[in-house]
Amino acid sequence: MLDPKWIREQIDEVRSMLECRNMDLDLSELSALEVRRREILVDVEARKARRNEGSKTVGAKRKAGENCDALMEEMRCLGEEIKELDAELERIERDFEAWMLKLPNRPLPSVPVGKNEEDNVVVRTWGTPRALPFEPKPHWEIAEALDILDFERGVKLAESRFTVVKGLGAKLARALINFMLDLHTNEHGFMEINPPILVNTATMRGTGQLPKFAEDQYRCANDDLWLIPTAEVPLTNLHAEEILDEAELPKHYTAYTPCFRREAGAAGRDMRGMLRQHQFDKVELVKLCAPQNGEAELEHLTNCAEKVLQLLELPYRVMALCTGDMGFASAKTYDLEVWLPYQNCYREISSCSICTDFQARRMNTRYRPEAGGRPQYVCTLNGSGIAIGRALIAILENGQNSDGSVTIPRALRPYMRELEAIVPH
RNA sequence: GGUGAGGUGGCCGAGUCGGCUGAAGGCACUCGCCUGCUAAGCGAGUAGGGUGGCUAAAACCGCCCUCCAGGGUUCGAAUCCCUGCCUCACCGCCA
């Protein structure tokens with residue numbers, strides 16, 4: 001959620017912000033609501049003040065044994081007026097709130113301005129793709145030959161975009177999870193969390209999945225619960241409705257969870273293989289910090305995610321997303337893109353974002369500054385650290401050998417009984 | 001799922017037949033005093049949000065709202081009524 005004061009005072013800046021995000025919205029209704037809201041508020045509060053005063057007088061007069069029927073009647077009428085105005089105010093505030101929840105976050109000045117992914121900027125590249133002396137195979141062919149992914153049975157059990165992972169594939173996925181969690185908790189100072197993966201509507205609203213992106217979510221209609229699309233949702237919301245001490249910040253959380261996405265807008269995209277699934281595993285990184293440290297924390301968070309790819313010896317590059325390509329809640333995003341030999345290009349494997357106070361406003365997560373003064377909204381950050389399924393794909397494709405085997409990255413071998421490669425039967 | 005009890009400030013806890021209780025008392029914390037140091041003692045202070053005035057902005061002053069949430073009764077509700085949520089206990093079921 002944006003600062004209502006900013007909307008009130010700098011509506012033109014809001015307009016140009018929306019424009020750089022490719023959003024065309026008429027904000028005149030929003031401005032009108034804000035003006036009307038304050039008119040009614042001032043009016044109704046004045047009436048309430050009079051009623052409070054009058055009621056006090058009634059109490060005093062009664063105690064003194066005086067008659068006060070007239071005053072009571074007057075207060076009763078006043079009460080009815082207040083009731084009507086309150087109802088009007090509630091309608092306006094509901095509309096205003098609905099508007100506010102639909103507006104995206106404001107990009108930081110350092111974000112490149114652009115229309116779509118073509119305007120994203122390469123920040124740095126790490127590693128060199130292996131020169132394969134043979135035609136690289138896609139991960140689905142490698143995996144089926146090794147009997148570690150079963151696409152048909154995934155569809156049988158659920159529907160398309162579900163996959164069964166088995167044997168050494170499942171063990172490799174589990175190794176990836178443990179390797180990443182160990183790295184982030186032992187080396188990067190994150191606290192491991194095992195959160196609910198069904199959350200309520202308020203929690204989904206807190207991080208920005210609702211109300212605008214309901215179509216992308218799985219929900220349990222009977223229970224007002226939603227399957228999380230990312231552990232960002234429960235982790236970031238851990239401190240919803242709380243006021244933290246500045247000394248407690250920054251908070252670093254990591255979690256492994258399954259994630260669920262309906263992929264509503266992705267019909268036909270990446271249908272082969274395991275790149276885009278309705279259910280996938282991910283290790284997530286989340287930070288809450290004071291706003292002045294936000295951008296530095298984003299660099300650190302991104303580095304933590306990069307470290308995973310470096311230790312897995314997977315070539316990647318870091319992209320700064322442009323204004324037109326960023327997510328709804330983000331003020332600045334770095335995508336990590338891993339090299340995929342068969343596709344002969346880099347594909348997204350992690351997305352690291354700073355959400356400034358956008359989510360904190362929705363969640364009402366604040367901190368008490370050490371210097372004193374009023375509580376301030378925290379700054380929230382999140383990043384994949386990293387997606388398990390896509391890491392598995394990257395390992396299969398980058399580690400493939402001419403004999404059909406796949407070399408296991410050294411960092412994972414302690415988690416695989418020192419197995420060096422998965423070989424076909 | 002059933003029955004019973006309960007949800008008050010950072011924590012504990014009081015709130016009488018509805019009004020002077022945004023909330024007694026205690027603890028904790030902050031500042032000051034006192035003390036050779038510590039402890040004790042003394043004094044003062046310590047919720048959040050909204051909005052109006054003043055202001056460059058604050059500070060400051062006023063008003064409104066908040067005693068789990070939402071509704072109701074009333075001139076007036078922490079206090080009465082209804083609904084929901086949550087917590088605890090027992091029963092049922094269960095990985």
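Labels below follow one simple rule: chain letters A, B, ... track the order of the sequence lines, proteins then strands, and each chain is numbered from 1.
On the P atoms, B:G41 is 34 Å away from B:G49, given to the nearest whole Å. Atom P of B:U51 sits at a distance of 29 Å from the matching atom of B:G45, rounded to the whole Å. Rounded to whole Å, the separation between the P atoms of B:A95 and B:C81 comes to 41 Å. Here the separation of B:C27 from B:C42, taken at their P atoms, is 10 Å to the nearest Å. When the P atom is used for both B:U66 and B:G9, the distance is 15 Å, rounded to whole Å. Nucleotides B:G70 and B:C65 place their C1' atoms 15 Å apart, quoted to the nearest Å. Rounded to whole Å, the C1' atom of B:C12 lies 32 Å from the corresponding atom of B:C91. Rounded to whole Å, the separation between the P atoms of B:G2 and B:G84 comes to 11 Å.
Pair check for B:G52 finds B:C61; Watson-Crick or G-U wobble, both atom distances under 3.5 Å. Under the Watson-Crick and G-U wobble criteria, each requiring two contacts below 3.5 Å, nucleotide B:U74 is left unpaired. With a cut-off of 3.5 Å on both Watson-Crick or G-U wobble distances, the partner of B:C93 is given as none. The partner of B:A47 is B:U66, by the rule that a Watson-Crick or G-U pair needs both atom distances under 3.5 Å. Partner assigned to B:A14 is none, using Watson-Crick or G-U wobble distances below 3.5 angstrom. Across all strands shown, B:G6 pairs with B:C86; the Watson-Crick or G-U wobble distances both stay below 3.5 Å. Across all strands shown, the partner of B:C42 is B:G32, judged by Watson-Crick or G-U wobble contacts whose two distances both fall under 3.5 Å.
The phosphate of B:G19 (OP1 or OP2) has no side-chain N or O of A:R62 nearer than 4.0 angstrom. Contact annotation: A:R374 side-chain N/O to B:A58 OP1/OP2 distance is not under 4.0 Å.
Take the nearest nucleotide of RNA chain B for A:K63 and for A:L71: the residue whose nucleotide is more 5' is A:K63.
Residues A:T333 and A:S330 have side chains that bring a donor and an acceptor to within less than 3.5 angstrom of each other.
Rounded to whole Å, the distance from CG on A:D86 to C1' on B:U51 is 14 Å. In this entry the distance linking CD of A:E90 with P of B:C65 reads 16 Å, nearest Å. Here B:G50 presents its C1' atom at 11 Å from CD of A:E34, a figure rounded to the nearest Å. Between A:E241 atom CD and B:C86 atom P the separation is 16 Å, expressed in whole Å. When the P atom of B:G48 is taken as reference, atom CG of A:L244 falls 14 Å away, rounded to whole Å. The nearest whole Å value for the distance from the CG atom in A:D223 to the P atom in B:G84 is 16 Å. Rounded to an integer number of Å, the gap from CG of A:D245 to C1' of B:U46 is 13 Å. In this entry the distance linking CG of A:D224 with P of B:A69 reads 18 Å, nearest Å.
Considering only residues two or more places apart in sequence or on other chains, A:Q217 meets the side-chain hydrogen bond (donor to acceptor under 3.5 Å, both in side chains) condition with none of them. Checked against ring-ring contact (aromatic ring centres under 6.0 Å, His included), A:Y377 has no partners two or more places apart in sequence or in another chain. Listed by chain and number, the residues in a ring-ring contact (aromatic ring centres under 6.0 Å, His included) with A:H239 are A:Y253 (sequence neighbours excluded). Take A:E144 and apply the side-chain hydrogen bond (donor to acceptor under 3.5 Å, both in side chains) test, not counting sequence neighbours, and it matches no residue.
Within residues 44-57 of chain A, the residues that have a heavy atom under 4.0 Å from RNA chain B are, in order of number, A:E45, A:K48, A:A49, A:R51, A:N52, A:S55.
Looking at A:E34 and A:R8, a side-chain N of the basic residue comes within less than 4.0 Å of a carboxylate O on the acidic one, giving a salt bridge. Using a 4.0 Å cut-off between a side-chain N of Lys or Arg and a carboxylate O of Asp or Glu, A:R76 and A:E73 qualify as a salt bridge.
Counting any heavy atom pair closer than 4.0 Å across all strands shown, A:M72 reaches a base atom. Counting non-hydrogen atoms under 4.0 angstrom, A:V58 reaches a base of the nucleic acid. At a threshold of 4.0 angstrom between heavy atoms, the contacts of A:K83 are confined to the sugar-phosphate backbone, with no base atom among them. Among the atoms of the strands shown, none is found under 4.0 Å from any heavy atom of A:R361. Looking at heavy-atom distances under 4.0 Å, A:R366 makes contact with sugar-phosphate atoms alone, never a base.
In terms of modelled atom types and a separation under 3.5 Å, the side chain of A:Q400 and the main chain of A:V406 share no donor-acceptor contact.
For the pair A:R368/A:L244, no side-chain contact is recorded, criterion being any heavy-atom separation below 4.5 Å from C-beta on.
Pairs engaging residues 197-216 of chain A under the ring-ring contact (aromatic ring centres under 6.0 Å, His included) rule: A:F213-A:F328 [sequence neighbours left out].
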